[in-house]
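This report concerns only the one structure given below.
Ligands are counted one by one from 1 in listed order, and the atoms in each one are counted from 1 as well. All of these numbers come straight from a predicted model, not from anything done at the bench.
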Amino acid sequence: MLDFDWKNADCSIIGAENGLDVKKEFSLYKDRVSGIISGLYANKDKPGQWLAWMNLGYNEALVREINEYALSVKGKFENLLVLGIGGSALGGICVTEALLKPYRNINSKPRVFFVDNIDPDCINGLLDTINPDTTLVNVITKSGSTAETMAAFMIIADRIANKDNIVVTTDENKGILREIADDMGYKSFIVPDDVGGRFSVFSAVGLLPFALVGIDIAEMLRGVRDMDKALQNTGVGQNIAAQNALIHYLMDKKGKNLSVMMPYSGRLRYVSDWYVQLWAESLGKENDLRGNRVNTGPTPIKALGATDQHSQIQLYNEGPNDKLINFIRVARFDTELRIPELFRDTGISYLGGKTVNELMNAEADATKIAVTDYKRPNVTITLPGVDEYYMGQLLYMLEMQTAIAGALYNINTFDQPGVEQAKNYTYALMGRKGYEKEAEELKQKLSSHI
Ligand code: PA5
């Protein structure tokens with residue numbers, strides 16, 4: 001199992017001004033947290049609660065269906081091109097980066113590419129690189145209409161002659177992409193009801209691209225299930241997702257409302273991007289559940305060890321003491337890399353004979369000790385290794401942590417009116433039918449703002 005260590009958030013280590021009396025807080029919040037966890041599990045099957053992500057680890061039929069499809073297209077394509085944005089892309093990027101061999105696109109097939117933005121130079125650059133005839137395109141959008149994804153899809157669809165080169169992941173019944181997929185006879189998979197984009201990594205949104213590039217999705221869901229079973233424990237002392245949610249919530253009350261995600265692993269670098277979306281879009285809310293205006297939400301920040309020791313750590317150590325740092329450690333890397341004993345009579349000879357593994361973990365220890373010396377709260381999640389099983393555990397734990405934190409803040413964790421507003425403004429500015437009134441208002445605003 002993953003290990004979670006909160007002791008550097010405790011007042012016994014970093015002092016009462018910056019730390020929490022963690023055990024006392026666990027005891028004070030025991031009933032509230034237990035009620036939240038029981039409530040999540042009691043409501044997970046109820047339509048409209050947006051908790052169906054809690055069931056995704058148990059969908060063995062979907063694993064079979066996806067693996068059968070992946071087998072049927074195995075060896076037929078040189079490239080997998082995934083089109084999606086936000087929750088329809090970040091889980092895919094995070095997991096493929098973590099689990100596929102680094103730099104595999106250079107000499108393994110299928111190469112995998114994600115288009116999750118609409119920079120014309122980037123898309124043109126990709127189109128210059130791949131042959132559409134030998135590319136399988138997985139277009140993913142829950143709403144079936146997101147402008148960025150649909151624009152990229154239209155560009156690619158125009159270059160693809162064979163409908164079997166396109167596989168769609170979208171709502172079962174609703175949305176423009178569903179209509180198109182049915183009309184064109186594209187193979188399709190379903191984004192289930194009551195699963196929001198940022199909680200969809202263990203639905204077909206993530207599982208399909210993972211299986212297409214050889215990731216063992218059954219093993220990943222085994223990790224999800226094991227974590228889910230552990231997190232059913234309603235005692236905060238035994239529930240690591242509840243512990244980190246509560247620590248974040250209480251640190252926010254102490255003025256530490258910036259949540260840094262800092263894995264000490266290059267392969268886990270996009271866990272930070274995925275977490276940033278999950279935390280920001282879920283917890284940044286204008287109103288609480290009683291309708292009070294609260295404008296609440298901790299701000300997530302992405303960082304990477306050891307790289308950001310040479311940039312952000314200066315701020316974390318000596319700048320405002322307003323952050324809670326989440327370190328992620330990897331206990332066992334897949335490979336070992338020894339540093340040769342060169343330049344023996346120089347100041348770098350101490351590195352010779354050591355491993356890069358040792359160096360990485362020494363850097364992680366050094367940073368942890370330094371930020372703690374500066375009385376900056378930090379917690380550490382340790383993964384025994386980077387594989388399907390532990391990635392399933394990690395992402396599911398962070399999802400549950402977010403759901404519990406949302407309940408502590410008493411906000412709706414699962415809506416995103418701010419994101420919808422930006423989508424609607426884009427539709428209006430681009431002339432989508434039905435958005436004429438907004439288009440007129442936006443034109444007036446544009447002329448007065450610019
Ligand atoms: O979490 C969310 O709901 C959003 O980030 C969506 O995933 C994102 O806006 C993409 O939406 P869609 O899948 O409808 O294209």
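With respect to D334 and R267, a salt bridge is recorded, a charged nitrogen being found less than 4.0 Å from a carboxylate O. A salt bridge between R111 and E78 is absent, with no side-chain N of the basic residue lying under 4.0 Å from a carboxylate O of the acidic one.
If you run side chain to side chain contact (heavy atoms under 4.5 Å, CB included) between T382 and each of D5, I328, V330, D3, only D3 comes through. With P192 as reference, L56 is the one residue of N55, L56, N59 to meet the side chain to side chain contact (heavy atoms under 4.5 Å, CB included) rule.
In this structure, W53 has its ring center under 6.0 Å from that of F199.
Residue, atom and distance of the protein heavy atom nearest to atom 10 (C) of ligand 1 are I85 O, 3.2 Å. The protein heavy-atom contact nearest to atom 6 (C) of ligand 1 is G87 N, 3.9 Å. For atom 2 (C) of ligand 1, the closest heavy atom belonging to the protein is E281 OE2, 3.1 Å. Looking only at protein heavy atoms, the nearest one to atom 11 (O) of ligand 1 is K423 NZ, 3.1 Å. Among protein heavy atoms, the minimum distance from atom 5 (O) of ligand 1 is reached at Q277 NE2, 2.6 Å.
The contact set between ligand 1 and T146, taken as ligand atoms under 4.0 Å from a residue heavy atom, comprises 11 (O), 12 (P), 14 (O), 15 (O). Interface of S88 with ligand 1, defined as ligand atoms under 4.0 Å from a residue heavy atom, comprises 7 (O), 12 (P), 13 (O). The distance from ligand 1 to the heavy atoms of Q416 drops below 4.0 Å at these ligand atoms: 3 (O). Close approach to R198 involves these atoms of ligand 1, each under 4.0 Å from a residue heavy atom: 1 (O), 2 (C), 3 (O).
Relative orientation of the F202 and Y396 rings is tilted, given thresholds of 30° and 60° on the angle between their planes.
Taking all atoms of both residues into account, the shortest heavy-atom contact from I411 to S282 is CD1-O, 3.4 Å.
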